[in-house]
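Shown next, in structure tokens, is the structure this report addresses.
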Amino acid sequence: MPKLTIEQLDLAGKRVFIRADLNVPLAGGEVADDTRLRAVVPTIQYALKAGAAVVLASHLGRPQGKVAREYSLRPVVDRLEALLGQRVELVPDCVGPETLARARSLKPGETLLLENLRFHPEEEANDDGFARELAALADCYVDDAFAAAHRTHASIVAITRYVQPAAAGLLMQQELSALGRILQSPERPLVAILGGAKVSDKLALVEHLLGRVDALLVGGGMAFTFLLALGHAVGRSLVEADCVETARAALNAARRRGVRLVVPLDTVVAASVDSASGRAVGIREIPPDQMGLDIGPRTCETFAAMMRTAQTVVWNGPMGVFEKTPFAAGTLGVARAVAEAPAFSVVGGGDTIAALAEAGVTERIGYVSTAGGAFLEFLEGRRLPGVEALTEAPV
Ligand code: AMP
């Protein structure tokens with residue numbers, strides 16, 4: 001069912017609770033990357049222009065339900081003020097009588113930022129009483145935190161029982177529409193590229209994608225479990241032994257469905273991730289005492305060739321230990337190939353986005369998602385609690 005959107009709300013003179021994902025990386029007490037802040041600014045500005053007062057809320061990091069200075073949203077305030085070009089007031093607690101009084105005295109055009117929601121254990125417990133307190137701060141609710149939409153937390157799910165209507169913000173809509181394009185009516189061929197370390201995190205996604213894509217390209221540490229399932233000796237490469245059977249089943253399912261599941265033909269091996277250099281070898285030539293830490297040049301070229309004919313591309317997960325220069329070439333090569341593809345491309349996940357930036361190609365990607373976990377769960381075909389909780393659009 002389509003969900004209500006912020007554009008369908010009458011915001012004039014109202015207080016709107018905007019649940020954002022301001023969970024940005026910090027370094028030395030400052031915002032190290034403001035991508036997520038910039039992404040939510042249009043929604044805040046839209047609400048302010050429409051005559052609303054904004055009560056903005058987010059989590060930051062994992063403070064484990066306790067107040068911890070290092071997880072304060074304070075560093076976000078300066079950056080947000082600069083982006084919005086106006087004052088943002090931070091209140092020291094997201095609930096309580098003082099916050100309620102301040103929210104009630106807010107005037108149209110003003111923005112109040114609540115301190116980290118996760119300072120209260122009730123947030124992650126999806127607690128009803130806590131949600132009711134948050135709901136009391138506003139007249140209507142907007143969820144713009146797609147990156148947290150896979151979480152059943154109080155400010156995302158329980159709150160919508162107490163403040164209605166609950167609408168999707170502009171970023172939430174953009175994310176759903178870009179990712180929806182992959183699953184619903186992609187232009188074909190549709191090619192997915194998966195990488196990263198943990199194959200156990202990605203097997204459900206592999207299974208779901210096999211029913212949708214024309215080709216699935218697997219790189220990164222996760223590829224070695226597939227290579228093992230195909231009978232290759234992988235030396236000391238990363239493998240998850242308990243996933244070999246599922247990987248084998250996925251390879252068989254791909255064959256039955258006529259989907260090309262492409263695993264690496266060559267890999268860059270070294271004694272450890274700390275080795276100063278690596279050596280490309282064919283996949284049958286991995287020495288028993290070495291580990292594969294990147295896809296090799298032939299694999300990179302094969303993946304790139306498939307990009308050239310794809311009409312839709314989705315990518316998550318690095319092709320190797322790209323944080324280390326000797327093992328970064330595969331990931332950077334795939335980043336360039338995705339950018340050069342004539343296809344509509346969607347890329348998600350923190351590491352993958354960092355790789356796009358490092359390759360200098362971010363601007364050439366069709367859509368860069370702000371989400372990691374929610375991106376994967378959406379592509380797995382799972383219903384996201386944060387989206388489910390929103391009010392249905394009138395027919
Ligand atoms: P994930 O969190 O599962 O998406 O994995 C991301 C991590 O996978 C990155 O930090 C990479 O360094 C790591 N990675 C990618 N390829 C390999 C590999 N061949 N061996 C070990 N780690 C890898």
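Residue numbers run from 1 in the order of the sequence given. Below, each value reflects all heavy atoms present in this structure, side chains not excepted, and no hydrogens, waters or symmetry copies. Counting convention: from 1, in listed order, for ligands and their atoms alike.
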Margin query: Show the atoms of ligand 1 that are less than 4.0 angstrom away from any heavy atom in Gly220.
Written below: 16 (N), 19 (N)
Note to self: Can you check which of Gly195, Gly292, Gly219 brings a heavy atom nearest to atom 19 (N) of ligand 1?
What the structure shows: Gly292
Next item on the list: Select one of side chain, backbone, both or neither to describe which atoms of Lys202 lie under 4.0 Å from any atom of ligand 1, heavy atoms only.
Entry: side chain
Notebook entry, point to check: Does ligand 1 have an atom under 4.0 Å from some heavy atom of Asp351?
Noted result: yes
Check: Can you list the residues that meet the ring-ring contact (aromatic ring centres under 6.0 Å, His included) rule with Tyr141, with sequence neighbours excluded?
Finding: Phe17
Check: Mind checking whether Gly317 has a heavy atom under 4.0 Å from ligand 1?
Finding: no
Notebook entry, point to check: Is it true that the NZ or CZ of Arg118 lies under 6.0 Å from the centre of Tyr71's six-membered ring and within 45 degrees of the ring axis?
Noted result: no
Notebook entry, point to check: Between the side chains of Gln174 and Ser177, does any donor sit under 3.5 Å from an acceptor?
Noted result: no
Note to self: If the contact criterion is a heavy-atom separation under 4.0 Å, does Phe224 count as touching ligand 1?
What the structure shows: yes
Margin query: Considering both backbone and side-chain atoms of Asp294, is one of its nitrogen or oxygen atoms within less than 3.5 Å of a nitrogen or oxygen in ligand 1?
Written below: no
Next item on the list: Examine the side chains of Thr152 and Asn126 and answer whether a donor and an acceptor come within less than 3.5 Å of each other.
Entry: no
Note to self: For atom 12 (O) of ligand 1, what is the closest protein heavy atom, and at what distance to 0.1 Å?
What the structure shows: Glu323 OE1, 2.6 Å
Check: What part of Met222 sits under 4.0 Å from ligand 1 if we count only heavy atoms: the side chain, the backbone, both or neither?
Finding: neither
Next item on the list: For ligand 1, find out whether one of its N or O atoms is nearer than 3.5 Å to an N or O atom of Phe322.
Entry: no
Next item on the list: Give a yes-or-no answer on whether the side chains of Glu115 and Ser72 include a donor-acceptor pair shorter than 3.5 Å.
Entry: yes
Check: Mind checking whether Ile18 and Leu11 sit in one hydrophobic cluster, side chains of I, L, V, M, F, W, Y counted as touching below 4.5 Å?
Finding: yes
Checklist line | atom 17 (C) of ligand 1: the protein heavy-atom neighbour that sits closest, reported with distance to 0.1 Å | finding: Gly221 N, 3.2 Å
Next item on the list: Can you sort out which atoms of ligand 1 are near Leu293, meaning under 4.0 Å from one of its heavy atoms?
Entry: 19 (N), 20 (N)
Checklist line | Exercise: do Thr99 and Asp93 side chains pair donor with acceptor under 3.5 Å | finding: no
Item checked: Spatial distance of atom CD1 (Ile182) from atom CZ (Phe344) [nearest 0.5 Å] -> 6.0 Å
Checklist line | Residue portion contacting ligand 1 (non-hydrogen atoms closer than 4.0 Å) for Val321 | finding: both
Note to self: My understanding is that a hydrophobic cluster links ILVMFWY residues whose side chain heavy atoms are under 4.5 Å apart, including indirect links. Using that, what else belongs to the cluster containing Val157?
What the structure shows: Ile156
Checklist line | Arg19/Glu123 salt bridge by N-O under 4.0 Å criterion | finding: yes
Note to self: I need the nearest protein heavy-atom contact for atom 1 (P) of ligand 1: residue, atom name and distance, please.
What the structure shows: Ala197 N, 3.5 Å
Checklist line | Close N or O approach (Lys198, ligand 1; < 3.5 Å) | finding: yes
